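Below is one structure, written out as C-alpha coordinates, with a few remarks after it.
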Amino acid sequence: MSSFKIATWNVNSLRVRLPHVLEWLYYVKPDVLALQETKLQDEAFPAAVIQEAGYEAVFSGQRTYNGVAILSRKKASDMMVELPNFQDPQRRVLAAMVEDIRVLNVYVPNGESIASDKYQYKLNWLKNLELFLRDELKKYPKLIILGDFNIAPEEMDVHDPKLWDGRVLFSEKERQAFQDMLHVGLADCFRKTNPSEKSFSWWDYRMNAFKRDLGLRIDHILASSVLVSACVKCYIDKTPRSQERPSDHAPVVAEFIL
DNA sequence: ATGGTTGCAACGCAA
(Lines give C-alpha, C1' and ligand atoms only; values in the text may rest on other atoms or scores of the structure.)
Protein backbone atom coordinates (compact mmCIF):
# COMPACT_ATOMS: atom_id res chain seq x y z
CA MET A 1 0.00 0.00 0.00
CA SER A 2 1.44 3.34 -1.00
CA SER A 3 0.05 6.83 -1.24
CA PHE A 4 -0.11 8.70 -4.53
CA LYS A 5 -0.89 12.42 -4.58
CA ILE A 6 -1.74 14.16 -7.85
CA ALA A 7 -2.75 17.77 -8.47
CA THR A 8 -3.86 20.18 -11.20
CA TRP A 9 -3.29 23.92 -11.35
CA ASN A 10 -4.00 26.49 -14.04
CA VAL A 11 -1.17 28.92 -13.27
CA ASN A 12 -1.98 31.60 -15.88
CA SER A 13 1.68 32.11 -16.90
CA LEU A 14 4.36 29.89 -15.39
CA ARG A 15 6.86 32.73 -15.87
CA VAL A 16 4.92 34.87 -13.40
CA ARG A 17 3.82 32.02 -11.13
CA LEU A 18 7.06 29.99 -10.87
CA PRO A 19 7.77 31.15 -7.29
CA HIS A 20 4.21 30.24 -6.26
CA VAL A 21 4.54 26.80 -7.85
CA LEU A 22 7.91 26.07 -6.20
CA GLU A 23 6.65 27.12 -2.79
CA TRP A 24 3.49 25.08 -3.21
CA LEU A 25 5.46 21.97 -4.28
CA TYR A 26 7.62 22.36 -1.20
CA TYR A 27 4.64 22.41 1.17
CA VAL A 28 2.28 19.96 -0.52
CA LYS A 29 4.78 17.56 -2.11
CA PRO A 30 2.51 15.94 -4.69
CA ASP A 31 3.84 13.03 -6.74
CA VAL A 32 2.44 14.69 -9.87
CA LEU A 33 1.41 18.26 -10.71
CA ALA A 34 -0.36 19.03 -14.00
CA LEU A 35 -0.08 22.68 -15.07
CA GLN A 36 -2.17 24.62 -17.59
CA GLU A 37 -1.70 28.01 -19.24
CA THR A 38 2.06 27.92 -18.86
CA LYS A 39 2.25 30.42 -21.77
CA LEU A 40 5.84 29.41 -22.47
CA GLN A 41 7.60 28.10 -25.53
CA ASP A 42 9.37 24.82 -24.80
CA GLU A 43 12.80 26.52 -25.05
CA ALA A 44 11.82 28.82 -22.20
CA PHE A 45 10.47 26.13 -19.86
CA PRO A 46 12.23 26.35 -16.45
CA ALA A 47 13.09 22.64 -16.35
CA ALA A 48 16.37 23.12 -14.45
CA VAL A 49 14.80 25.09 -11.59
CA ILE A 50 12.00 22.54 -11.32
CA GLN A 51 14.52 19.71 -11.28
CA GLU A 52 16.36 21.42 -8.41
CA ALA A 53 13.05 21.32 -6.55
CA GLY A 54 12.97 17.54 -7.04
CA TYR A 55 10.64 17.22 -10.05
CA GLU A 56 11.02 16.00 -13.61
CA ALA A 57 9.01 17.84 -16.25
CA VAL A 58 7.44 17.16 -19.63
CA PHE A 59 5.72 20.02 -21.44
CA SER A 60 4.02 21.20 -24.60
CA GLY A 61 3.95 24.96 -24.88
CA GLN A 62 3.61 27.90 -27.21
CA ARG A 63 4.10 31.66 -27.11
CA THR A 64 1.50 33.83 -25.32
CA TYR A 65 -1.37 31.36 -24.90
CA ASN A 66 -2.20 27.85 -23.65
CA GLY A 67 0.62 25.43 -22.79
CA VAL A 68 0.53 22.34 -20.56
CA ALA A 69 3.10 20.55 -18.43
CA ILE A 70 3.37 17.52 -16.15
CA LEU A 71 5.78 17.71 -13.21
CA SER A 72 6.50 14.42 -11.48
CA ARG A 73 8.84 12.91 -8.89
CA LYS A 74 9.51 10.03 -11.25
CA LYS A 75 10.24 10.63 -14.92
CA ALA A 76 7.21 10.49 -17.22
CA SER A 77 7.24 8.49 -20.46
CA ASP A 78 5.10 7.74 -23.52
CA MET A 79 4.18 11.37 -24.08
CA MET A 80 1.40 12.48 -26.45
CA VAL A 81 0.63 16.10 -27.25
CA GLU A 82 -2.22 15.83 -29.78
CA LEU A 83 -5.72 14.46 -29.87
CA PRO A 84 -5.85 11.85 -32.67
CA ASN A 85 -7.38 13.03 -35.96
CA PHE A 86 -7.67 16.58 -34.66
CA GLN A 87 -5.04 18.97 -35.86
CA ASP A 88 -4.77 21.94 -33.54
CA PRO A 89 -1.93 24.44 -33.20
CA GLN A 90 -3.12 25.23 -29.66
CA ARG A 91 -1.07 23.36 -27.05
CA ARG A 92 -3.80 21.99 -24.74
CA VAL A 93 -3.14 18.26 -24.33
CA LEU A 94 -0.36 16.30 -22.67
CA ALA A 95 -0.69 12.58 -21.96
CA ALA A 96 2.08 10.59 -20.30
CA MET A 97 2.78 7.53 -18.18
CA VAL A 98 3.84 8.29 -14.63
CA GLU A 99 4.76 5.14 -12.77
CA ASP A 100 1.95 2.75 -13.79
CA ILE A 101 -0.70 5.43 -14.19
CA ARG A 102 -1.77 7.09 -17.44
CA VAL A 103 -1.97 10.84 -16.76
CA LEU A 104 -3.86 13.02 -19.20
CA ASN A 105 -3.48 16.76 -18.64
CA VAL A 106 -5.97 18.98 -20.47
CA TYR A 107 -6.61 22.67 -20.91
CA VAL A 108 -10.11 22.65 -22.40
CA PRO A 109 -10.96 25.70 -24.56
CA ASN A 110 -12.80 28.46 -22.70
CA GLY A 111 -15.47 29.02 -25.37
CA GLU A 112 -15.79 32.78 -24.75
CA SER A 113 -19.62 32.89 -25.09
CA ILE A 114 -22.25 30.53 -26.46
CA ALA A 115 -22.64 32.72 -29.57
CA SER A 116 -18.94 32.59 -30.35
CA ASP A 117 -17.15 30.40 -32.91
CA LYS A 118 -14.91 29.49 -29.99
CA TYR A 119 -17.87 27.80 -28.30
CA GLN A 120 -18.28 25.48 -31.31
CA TYR A 121 -14.54 24.83 -31.24
CA LYS A 122 -14.87 23.96 -27.54
CA LEU A 123 -17.73 21.47 -28.13
CA ASN A 124 -15.90 19.91 -31.06
CA TRP A 125 -12.71 19.71 -29.00
CA LEU A 126 -14.59 18.00 -26.16
CA LYS A 127 -16.13 15.45 -28.56
CA ASN A 128 -12.66 14.56 -29.83
CA LEU A 129 -11.37 14.32 -26.26
CA GLU A 130 -14.17 11.88 -25.43
CA LEU A 131 -13.24 9.69 -28.42
CA PHE A 132 -9.58 9.76 -27.35
CA LEU A 133 -10.57 8.83 -23.80
CA ARG A 134 -12.45 5.76 -24.99
CA ASP A 135 -9.26 4.46 -26.64
CA GLU A 136 -6.99 5.45 -23.77
CA LEU A 137 -9.18 3.68 -21.21
CA LYS A 138 -8.99 0.48 -23.23
CA LYS A 139 -5.19 0.69 -23.18
CA TYR A 140 -4.78 1.98 -19.64
CA PRO A 141 -7.26 0.84 -16.95
CA LYS A 142 -5.42 3.06 -14.45
CA LEU A 143 -6.10 6.47 -15.93
CA ILE A 144 -6.43 9.97 -14.50
CA ILE A 145 -7.54 12.93 -16.60
CA LEU A 146 -7.13 16.27 -14.91
CA GLY A 147 -6.91 19.92 -15.73
CA ASP A 148 -8.88 23.06 -16.44
CA PHE A 149 -12.08 21.74 -18.05
CA ASN A 150 -13.71 25.19 -18.21
CA ILE A 151 -17.00 23.49 -17.26
CA ALA A 152 -18.89 23.67 -13.98
CA PRO A 153 -20.72 20.29 -13.96
CA GLU A 154 -23.59 20.96 -11.55
CA GLU A 155 -25.53 23.79 -9.91
CA MET A 156 -23.60 23.13 -6.71
CA ASP A 157 -20.42 24.03 -8.59
CA VAL A 158 -21.56 27.59 -9.31
CA HIS A 159 -21.90 30.44 -6.80
CA ASP A 160 -25.07 31.71 -8.49
CA PRO A 161 -26.58 29.06 -10.83
CA LYS A 162 -29.44 31.36 -11.89
CA LEU A 163 -27.01 34.07 -12.98
CA TRP A 164 -24.85 31.52 -14.82
CA ASP A 165 -27.75 29.59 -16.40
CA GLY A 166 -27.09 29.16 -20.14
CA ARG A 167 -23.76 30.98 -20.03
CA VAL A 168 -20.47 29.62 -21.24
CA LEU A 169 -18.79 27.40 -18.59
CA PHE A 170 -22.27 26.30 -17.37
CA SER A 171 -24.35 25.81 -20.54
CA GLU A 172 -26.31 22.62 -21.21
CA LYS A 173 -24.12 21.41 -24.07
CA GLU A 174 -20.90 21.82 -22.10
CA ARG A 175 -22.36 20.10 -19.06
CA GLN A 176 -23.62 17.28 -21.29
CA ALA A 177 -20.15 16.93 -22.83
CA PHE A 178 -18.76 16.62 -19.30
CA GLN A 179 -21.29 13.90 -18.42
CA ASP A 180 -20.47 12.11 -21.70
CA MET A 181 -16.85 11.98 -20.58
CA LEU A 182 -17.84 10.50 -17.20
CA HIS A 183 -19.97 7.89 -18.94
CA VAL A 184 -16.91 6.61 -20.77
CA GLY A 185 -15.88 5.24 -17.38
CA LEU A 186 -14.63 8.03 -15.15
CA ALA A 187 -15.65 9.69 -11.91
CA ASP A 188 -15.10 13.17 -10.47
CA CYS A 189 -12.79 12.62 -7.47
CA PHE A 190 -13.82 15.84 -5.73
CA ARG A 191 -17.55 15.17 -5.96
CA LYS A 192 -17.06 11.52 -5.06
CA THR A 193 -15.26 12.37 -1.81
CA ASN A 194 -17.22 15.58 -1.03
CA PRO A 195 -20.81 14.83 -2.14
CA SER A 196 -22.37 18.10 -1.01
CA GLU A 197 -19.49 20.58 -0.62
CA LYS A 198 -19.88 23.88 -2.47
CA SER A 199 -16.28 24.82 -3.23
CA PHE A 200 -14.80 26.59 -6.20
CA SER A 201 -11.50 26.38 -8.07
CA TRP A 202 -11.65 29.60 -10.11
CA TRP A 203 -12.62 33.17 -9.27
CA ASP A 204 -12.58 36.09 -11.72
CA TYR A 205 -9.85 38.64 -11.01
CA ARG A 206 -12.47 41.39 -11.15
CA MET A 207 -15.06 42.61 -8.68
CA ASN A 208 -13.26 41.16 -5.64
CA ALA A 209 -14.72 37.83 -6.69
CA PHE A 210 -12.32 35.76 -4.56
CA LYS A 211 -12.95 37.72 -1.36
CA ARG A 212 -16.68 37.38 -1.96
CA ASP A 213 -16.27 33.71 -2.97
CA LEU A 214 -18.03 34.31 -6.28
CA GLY A 215 -16.44 31.37 -8.09
CA LEU A 216 -16.95 28.24 -10.14
CA ARG A 217 -15.59 24.72 -9.84
CA ILE A 218 -14.12 24.17 -13.33
CA ASP A 219 -10.83 22.40 -12.54
CA HIS A 220 -11.25 18.67 -12.13
CA ILE A 221 -9.55 15.36 -11.45
CA LEU A 222 -11.39 12.44 -13.07
CA ALA A 223 -10.27 8.87 -12.46
CA SER A 224 -11.04 5.48 -13.98
CA SER A 225 -13.09 3.06 -11.87
CA VAL A 226 -10.07 1.13 -10.52
CA LEU A 227 -8.57 4.36 -9.24
CA VAL A 228 -11.70 6.13 -7.99
CA SER A 229 -12.27 3.44 -5.41
CA ALA A 230 -8.68 4.10 -4.23
CA CYS A 231 -9.25 7.86 -3.91
CA VAL A 232 -9.32 8.70 -0.20
CA LYS A 233 -9.26 12.49 -0.37
CA CYS A 234 -9.76 15.33 -2.84
CA TYR A 235 -9.62 19.02 -1.99
CA ILE A 236 -9.17 22.49 -3.44
CA ASP A 237 -6.26 24.41 -1.91
CA LYS A 238 -7.31 28.06 -1.70
CA THR A 239 -4.06 29.18 -0.04
CA PRO A 240 -2.19 30.21 -3.22
CA ARG A 241 -5.24 32.09 -4.50
CA SER A 242 -5.15 34.31 -1.40
CA GLN A 243 -1.47 35.22 -1.85
CA GLU A 244 0.12 38.16 -3.68
CA ARG A 245 -0.21 38.21 -7.48
CA PRO A 246 -2.09 34.91 -7.67
CA SER A 247 -3.34 32.85 -10.57
CA ASP A 248 -7.11 33.15 -10.91
CA HIS A 249 -7.31 29.35 -10.34
CA ALA A 250 -6.61 27.32 -7.20
CA PRO A 251 -4.87 23.93 -7.26
CA VAL A 252 -7.00 20.78 -6.87
CA VAL A 253 -5.40 17.78 -5.15
CA ALA A 254 -6.39 14.11 -5.06
CA GLU A 255 -4.84 11.40 -2.88
CA PHE A 256 -4.97 7.69 -3.61
CA ILE A 257 -4.01 4.66 -1.57
CA LEU A 258 -2.81 2.08 -4.05
C1' DA B 1 -23.12 48.03 -13.21
C1' DT B 2 -22.68 44.97 -20.61
C1' DG B 3 -18.33 46.98 -16.31
C1' DG B 4 -14.30 45.09 -14.01
C1' DT B 5 -8.59 42.58 -13.93
C1' DT B 6 -4.58 40.06 -15.45
C1' DG B 7 -0.89 38.39 -18.85
C1' DC B 8 1.34 38.93 -23.05
C1' DA B 9 3.53 42.03 -25.62
C1' DA B 10 3.63 46.18 -27.14
C1' DC B 11 -2.47 46.93 -29.52
C1' DG B 12 -5.86 44.57 -28.68
C1' DC B 13 -6.77 39.70 -27.62
C1' DA B 14 -7.85 35.96 -24.55
C1' DA B 15 -9.50 34.57 -20.33
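Just so it is clear, the structure is predicted and the values come from calculations on it, not from any experiment. Within every chain, numbering begins at 1; the chains are lettered A, B, ... in the order of the sequence lines, protein sequences first and strands thereafter.
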> Can you tell me how far C1' of B:dA15 sits from OH of A:Tyr121, to the nearest Å?
Replying inline: 14 Å

>> Closest-nucleotide mapping onto DNA chain B: is A:Lys39 or A:Met207 further toward the 5' terminus? I mean the 5' end.
In response: A:Met207

> Considering all heavy atoms of both residues, which atom of A:Leu258 and which atom of A:Ala230 are nearest to each other, and what is their separation?
Replying inline: CD2-CB, 3.8 Å

> What's the NZ-P distance between A:Lys211 and B:dG4, to the nearest Å?
Replying inline: 18 Å

>> Between P on B:dT6 and CG on A:Asn110, what's the gap in Å once rounded to a whole number?
In response: 18 Å

>> Considering every strand and a 4.0 Å limit on heavy-atom distances, what is the contact class for A:Phe210: base, sugar-phosphate, or nothing?
In response: nothing

>> Would you measure the distance from the C1' atom in B:dT6 across to the matching atom in B:dC11 and give it in whole Å?
In response: 16 Å

> Which residue pairs pass the salt bridge (charged side-chain N to carboxylate O under 4.0 Å, His left out) test with at least one member in residues 40-67 of chain A, sequence neighbours excluded?
Replying inline: A:Glu56-A:Lys75

> Does a side chain donor of either A:Arg91 or A:Asn66 reach within less than 3.5 Å of an acceptor in the other side chain?
Replying inline: no

> Is there a side-chain contact between A:Tyr121 and A:Asp88, using heavy atoms and a 4.5 Å cut-off?
Replying inline: yes

> Judged by modelled atom types alone, do A:Tyr119 and A:Ser171 share a side-chain donor-acceptor pair under 3.5 Å?
Replying inline: yes

> In whole angstrom, what separates A:His20's NE2 from B:dT6's P?
Replying inline: 12 Å

>> Quick check on B:dA14: is either OP1 or OP2 less than 4.0 Å from any side-chain nitrogen or oxygen of A:Thr64?
In response: no

> Mind pulling the stems DNA chain B is in, i.e. runs of at least three Watson-Crick or G-U pairs, everything under 3.5 Å?
Replying inline: B:5-8 with B:12-15

>> From CG of A:Asp117 over to P of B:dA15, roughly how many Å is that when rounded to an integer?
In response: 13 Å

>> Taking B:dG12 as the reference, what is the distance to B:dA1 when you measure between their C1' atoms (whole Å, please)?
In response: 23 Å

>> Is it the case that the side chains of A:Asp237 and A:Trp24 hold a donor-acceptor pair, with the cut-off being a distance below 3.5 Å and no angle test?
In response: yes

>> Both A:Asn150 and A:Pro246 contact DNA chain B. Which one's nearest nucleotide lies toward the 5' end?
In response: A:Pro246

>> If you only use heavy atoms from C-beta on, which nucleotide in B:dA14, B:dC8, B:dG4 is closest to the side chain of A:Lys118?
In response: B:dA14

>> If we count only N and O atoms by modelled type, under 3.5 Å, do the side chains of A:Tyr140 and A:Asp78 hold a donor and an acceptor together?
In response: no

> Mind checking the C1' distance from B:dT2 to B:dG7? Whole angstroms is fine.
Replying inline: 23 Å

> What nucleotide, of B:dA15, B:dG4, B:dC13, holds the atom closest to the side chain of A:Tyr65?
Replying inline: B:dC13

> Can you tell me how far C1' of B:dG7 sits from CG of A:Asn12, to the nearest Å?
Replying inline: 6 Å

> In whole Å, what is the span from the OH atom of A:Tyr119 to the C1' atom of B:dA15?
Replying inline: 17 Å

> Taking CG from A:Leu214 and C1' from B:dG4, how many angstroms apart are they, rounded to a whole number?
Replying inline: 13 Å

> Picking from B:dT5, B:dC8, B:dA15, which would you name as closest to the side chain of A:Arg92?
Replying inline: B:dA15

> Does the side chain of A:Trp164 reach to within under 4.5 Å of the side chain of A:Glu155, using non-hydrogen atoms?
Replying inline: no

>> Does a side-chain N or O of A:Arg206 approach OP1 or OP2 of B:dA15 to a distance below 4.0 Å, or not?
In response: no

